[in-house]
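One structure is given below, encoded as structure tokens.
The first residue of the sequence shown is numbered 1, and numbering continues consecutively from there. Values in this document were obtained by computation on a predicted structure and should not be read as measured data.
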Amino acid sequence: MKTILITGASAGIGAACARAFLEAGWQVGLLARRAEALADVAGGLENAVILPCDVTDATAVRAAFDTFVAQAGRLDVLFNNAGTFGTAGTVDAIAPEDWDRVRAVNLDGMLYCAQAAFGQMRRQVPQGGRIINNGSISAHSPREGSICYTTTKHAITGMTKSLSLDGRPFGIACSQIDIGNARTELLQGIMDQDPENAPPTMDVTHVSDAVLHMAGLPAEANVQFMTLMATTMPYVGRG
């Protein structure tokens, strides 16, 4: 049975992907802060491992990964997904604690999880695995008032490129999926606030299908970067 650990698995894209991998028969580690929400996503399935954890705590992250590997035997894939948008506003309106909170989840937390996954994949026999980072359409083109989120997501692109190079000697592939406007609870809440100006969206199952495809590739192949967005969103290009 293939194994995957998914961060931010209690809601939104993480929950949708966790359900898809569970249905596909993978052994799935569901990691997020809210144990009850993770249990709801897991639905009592035997191939689910619930891992309550705050990704901003490096020690807790290592312990959660160790718990998963102790039960699953190895780690084939990490979907490095946990993230937060934070306070919207221009840079002069962002308090230091607002920046710290977004950076801690979107950058520090993703690095801690990549670090734990990389170390496990390097040590395990047979060696290797795959890390899939959740970037964002903001890693191409930001929206107004998103300086904290956009800055961290640009940093994730650099992380993906570095992990791709460093993982080659150990059979560890790294890729990134940049998603634009998947319908999740968070986006639906934004749309409900201003329904007359709702943005183009797509069903979140398209994201889980894409992540399943990326995760299921043989070791010889890798989707380095994928941009998946609602068809009628404005064009975004990688500069």
Distance in Å, [X] [atom1] paired with [Y] [atom2], rounded so as to fall on 0.5 Å steps:
X: Met226; Y: Ile179; atom1: CE; atom2: CD1; value: 10.0 Å
X: Asn106; Y: Thr56; atom1: CG; atom2: OG1; value: 11.5 Å
X: Ser164; Y: Asn222; atom1: OG; atom2: CG; value: 6.5 Å
X: Ile147; Y: Ser138; atom1: CD1; atom2: OG; value: 12.0 Å
X: Lys153; Y: His140; atom1: NZ; atom2: NE2; value: 11.5 Å
X: Thr152; Y: His154; atom1: OG1; atom2: NE2; value: 10.0 Å

Minimum-distance pair of heavy atoms, taken over all atoms of [X] and [Y]:
X: Pro142; Y: Thr150; result: CB-OG1, 3.3 Å
X: Ile94; Y: Gly89; result: CD1-O, 4.1 Å
X: Ala139; Y: Thr157; result: CB-OG1, 3.7 Å

Quiz item: Hey, what else clusters with Met110 if you join Ile, Leu, Val, Met, Phe, Trp, Tyr whenever side-chain heavy atoms sit under 4.5 Å?
Solution: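 Reading the cluster by chain and number, Met110 sits alongside Leu5, Leu31, Val49, Leu51, Val55, Val61, Phe65, Phe68, Val69, Leu75, Leu78, Val105, Leu107, Leu111, Tyr112, Phe118, Met121, Ile131, Ile156, Met159, Leu163, Phe170, Ile172.
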Quiz item: Other than Met1, what residues sit in its cluster of Ile, Leu, Val, Met, Phe, Trp and Tyr side chains whose heavy atoms are under 4.5 Å apart, directly or through others?
Solution: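 Answer for Met1: none, a lone residue.
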Are any side-chain N or O atoms of [X] and backbone N or O atoms of [Y], one a donor and one an acceptor, separated by less than 3.5 Å?
X: Asn133; Y: Gly135; value: no
X: Gln124; Y: Gly128; value: yes
X: Gln176; Y: Val223; value: no
X: Ser175; Y: Ile132; value: no

State, yes or no, whether a side-chain contact exists between [X] and [Y] at a heavy-atom distance under 4.5 Å.
X: Lys161; Y: Leu165; value: no
X: Leu30; Y: Phe21; value: no
X: Val207; Y: Met202; value: yes
X: Pro126; Y: Arg74; value: yes
X: Thr7; Y: Asn80; value: yes

Quiz item: Who are the side-chain contact (heavy atoms from CB on, under 4.5 Å) partners of Thr232, not counting sequence neighbours?
Solution: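 Listed in chain order: Pro200.
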Quiz prompt | Path from Tyr149 to Trp99 over hydrophobic side-chain contacts below 4.5 Å | solution =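 They do not share one cluster, since no chain of ILVMFWY contacts under 4.5 Å joins Tyr149 to Trp99.
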Exercise. Is it possible for you to say whether Ile137 and Val102 belong to one hydrophobic cluster, with membership spreading through side-chain heavy-atom contacts below 4.5 Å?
Key: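 Shared cluster, no.
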Self-check item: Residue pairs involving residues 26-41 (criterion side-chain hydrogen bond (donor to acceptor under 3.5 Å, both in side chains); sequence neighbours excluded)
Solution: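 Counting only pairs at least two positions apart or across chains, the side-chain hydrogen bond (donor to acceptor under 3.5 Å, both in side chains) contacts touching residues 26-41 are Ser10-Arg34.
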Self-check item: Any pair counted as side-chain hydrogen bond (donor to acceptor under 3.5 Å, both in side chains), so long as it reaches residues 205-216, sequence neighbours left out
Solution: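 Those involving residues 205-216 are Asp203-Thr205.
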Quiz item: Side chains of Thr3 and Asp76: is there a donor and an acceptor less than 3.5 Å apart?
Solution: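 The criterion, which ignores hydrogens and geometry beyond distance, is satisfied for Asp76 and Thr3.
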Self-check item: Neighbour count >12 (heavy atoms, 6.0 Å) for atom CD, Glu46
Solution: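 No, not enclosed.
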Practice problem: Keeping to residues at least two apart or across chains, list the salt bridge (charged side-chain N to carboxylate O under 4.0 Å, His left out) pairs with something in residues 12-25. | Solution: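 Salt bridge (charged side-chain N to carboxylate O under 4.0 Å, His left out) check on residues 12-25 returns no pairs.
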